[in-house]
**Q** 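The structure under discussion is supplied below as structure tokens; questions concerning it will follow.
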Amino acid sequence: MKKGFTLAEVLITLGIIGVVAAMTIPNLINKNQKRIIETRLKEDYSILTQVMRKAQDDDVPFDDYIEMSLKGNKKWFETFILPYIKVGRVCYGKAGCWHQKGATKNLAGNEAYANRNEIGLGLQAVTVKLTNGSNLNFDWYSAPSMKNYMGIKVSQTAMVIFIDANGDSPPNMIGKDIYVLGFTPDSGFVPAGFNESVETINKNCSTKATEINAGYYCLQKVKNNGWTIPDDVWKIK
């Protein structure tokens, strides 16, 4: 006599498999999303640093002054960035190169400074879609804004770059998938808060961050952490 499984046994087994899958698959997907952002962020940061090297090889002196207008932002971008980077699309103060998922948030869950839904961050933002799927946002900050948001002291307007490492995908939060650099003539492209204390950087990029620039220093923290996003930050909703 051949023995087989009863219908009840099959259903119980399938139920157990379903429960295990429901518990493990979302966690695997979440870890994979985190790994993709970490890899892409490191690549994007390398792309920007190589831009500066290529410009220096062409004896193109980076100008630390940006005219406070979309025209000035466009001129700076087209002079110092565009000739040395591969892009899929460029948008000047309009939608099409930034995520379409509503407001960009900071790590405290508040709407980011100078957010413009679908257009980017900044009143005169130049946004770019890279060929690897990331989005970049270029905008000038005044000297006070550079100090307040970037932790960088400058004497005049300066360029700020936001890297959206996973492009149009969520969560669109500064410190989780969007990271911030500034440009200074002395140091080139540097993470926001690069010259702040480790304690200040860690507090800004944590579950305890409540400042208006919460999450802006996360690129420096990720670099310090071997290009790994801290687990507590990644779990922030």
Side-chain angles (χ1 to χ4, degrees), residues 41 44-56 58-85 87 90-93 97-98 104 106-107 111-116 119-128 130 134-165 174-175 178-197 200-201 204-205 211-223:
L41 175 62
D44 295 338
Y45 184 79
S46 177
I47 287 171
L48 287 171
T49 54
Q50 288 175 22
V51 164
M52 186 174 65
R53 294 193 189 100
K54 291 176 182 178
Q56 290 173 338
D58 284 351
D59 294 324
V60 177
F62 272 80
D63 189 352
D64 60 330
Y65 173 74
I66 303 109
E67 180 186 321
M68 293 182 287
S69 66
L70 179 58
K71 179 182 177 182
N73 197 358
K74 178 181 179 182
K75 179 181 178 182
W76 196 93
F77 172 77
E78 291 185 345
T79 300
F80 305 114
I81 305 298
L82 190 56
Y84 308 101
I85 194 170
V87 301
V90 180
C91 302
Y92 297 104
C97 298
W98 197 243
T104 297
N106 64 22
L107 207 57
E111 185 171 317
Y113 171 67
N115 172 73
R116 298 178 71 197
I119 295 176
L121 297 171
L123 299 178
Q124 287 85 31
V126 173
T127 49
V128 178
L130 295 181
S134 297
N135 297 336
L136 302 180
N137 185 123
F138 296 81
D139 191 40
W140 56 266
Y141 272 28
S142 66
S145 291
M146 285 293 288
K147 180 180 179 182
N148 293 335
Y149 289 89
M150 305 291 291
I152 299 174
K153 294 181 180 180
V154 292
S155 59
Q156 53 192 4
T157 57
M159 185 58 68
V160 173
I161 304 96
F162 294 88
I163 299 174
D164 191 341
I174 296 172
I178 299 177
Y179 294 84
V180 196
L181 303 91
F183 175 81
T184 69
D186 295 329
S187 303
F189 292 107
V190 292
F194 78 104
N195 55 356
E196 297 283 0
S197 67
T200 299
I201 292 168
N204 177 273
C205 186
E211 303 86 353
I212 55 174
N213 68 336
Y216 276 61
Y217 298 173
C218 281
L219 176 55
Q220 185 62 54
K221 186 170 182 177
V222 170
K223 278 191 66 182

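Computed from a predicted model, the values in this text were never measured in an experiment.
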**Q** As an exercise, state the distance from CD of Gln124 to CZ of Arg116, rounded to the nearest 0.5 Å.
**A**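 The CZ atom of Arg116 is 8.0 Å from CD of Gln124, to the nearest 0.5 Å.
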**Q** Which pair of heavy atoms, one from Ile161 and one from Met159, lies closest together, and at what distance?
**A**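 For Ile161 versus Met159, the nearest heavy atoms are CD1-CG, 4.1 Å.
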**Q** Kindly compute the distance separating CZ (Phe183) from CD1 (Ile81), expressed to the nearest 0.5 Å.
**A**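 Taking CZ in Phe183 and CD1 in Ile81, the distance rounds to 8.0 Å.
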**Q** Should Asn213 and Tyr113 count as side-chain neighbours, where that means a heavy-atom distance under 4.5 Å?
**A**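 The answer is no; the side chains never approach within 4.5 Å.
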**Q** Mind checking ring-ring contact (aromatic ring centres under 6.0 Å, His included) for Phe77 and listing every partner two or more places apart, or none if nothing turns up?
**A**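 If we apply the ring-ring contact (aromatic ring centres under 6.0 Å, His included) test to Phe77, skipping adjacent residues, the hits are Phe138.
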**Q** With a 4.5 Å heavy-atom cut-off, do Asn73 and Asp139 have their side chains touching?
**A**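 The answer is yes, as the side chains (C-beta and beyond) meet within the 4.5 Å cut-off.
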**Q** Can you name the ring-ring contact (aromatic ring centres under 6.0 Å, His included) partners of Tyr45, sequence neighbours left out?
**A**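 Tyr45 satisfies ring-ring contact (aromatic ring centres under 6.0 Å, His included) with Trp227 only.
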**Q** Of all the heavy-atom pairs spanning Ala112 and Ile174, show the shortest one and how long it is.
**A**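 That would be CB-CD1, 3.8 Å.
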**Q** For the residue pair Thr104 and Asn137, establish whether any side-chain heavy-atom pair is separated by less than 4.5 Å.
**A**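 In short, these two side chains do not touch, never coming nearer than 4.5 Å.
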**Q** Which atom names give the shortest non-hydrogen contact between Asn106 and Glu211, and what distance separates them?
**A**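 Reported closest heavy-atom pair: ND2-O, 4.0 Å.
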**Q** Do Lys74 and Tyr92 meet the cation-pi criteria used here (NZ or CZ under 6.0 Å from the six-membered ring centre, within 45° of the axis)?
**A**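 Yes, Lys74 and Tyr92 form such a contact.
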**Q** Main chain of Gly215, side chain of Asn204: is a donor-acceptor contact present, judged purely on distance under 3.5 Å?
**A**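 Checked: pair present.
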**Q** Looking at side-chain heavy atoms only, is the closest gap between Leu130 and Ile85 below 4.5 Å?
**A**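 The answer is yes; the side chains approach within 4.5 Å.
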**Q** How are the rings of Phe162 and Tyr141 set relative to one another: parallel (under 30°), tilted (30 to 60°) or perpendicular (over 60°)?
**A**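 Because their plane-to-plane angle lies in the 30° to 60° range, the rings of Phe162 and Tyr141 count as tilted.
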**Q** State, to 0.1 Å, how close Thr127 and Ile119 come at their nearest heavy-atom pair, and which atoms those are.
**A**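 The answer is CG2-O, 3.3 Å.
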**Q** What's the spacing between Leu70 CG and Trp140 CH2 if we round to 0.5 Å?
**A**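 The distance works out to 11.0 Å.
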**Q** Do Val90 and Val126 make a side-chain contact, defined as non-hydrogen atoms from C-beta onward lying under 4.5 Å apart?
**A**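 They are in side-chain contact.
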**Q** So how far is it from Cys205 SG to Leu107 CG, rounded to the nearest 0.5 Å?
**A**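 Between atom SG of Cys205 and atom CG of Leu107 there are 6.0 Å.
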**Q** Just so I know, are the side chains of Met146 and Val160 near enough to count as touching, which here means a heavy-atom distance under 4.5 Å?
**A**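 Met146 vs Val160: side chains touch.
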**Q** Distance check, rounded to the nearest 0.5 Å: Gln50 atom CD versus Tyr84 atom OH?
**A**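 These two atoms lie 14.0 Å from each other.
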**Q** Nearest 0.5 Å please: distance from the CG atom of Leu41 over to the CG atom of Asp164.
**A**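 Here the interatomic distance stands at 10.5 Å.
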**Q** How close do Ala192 and Tyr216 get, heavy atom to heavy atom, and via which atoms?
**A**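 Shortest heavy-atom contact: CB-O, 3.3 Å.
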**Q** Looking only at heavy atoms, which two atoms of Phe189 and Leu181 are closest? And how far apart?
**A**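 Closest heavy-atom pair between Phe189 and Leu181: CB-CD2, 4.1 Å.
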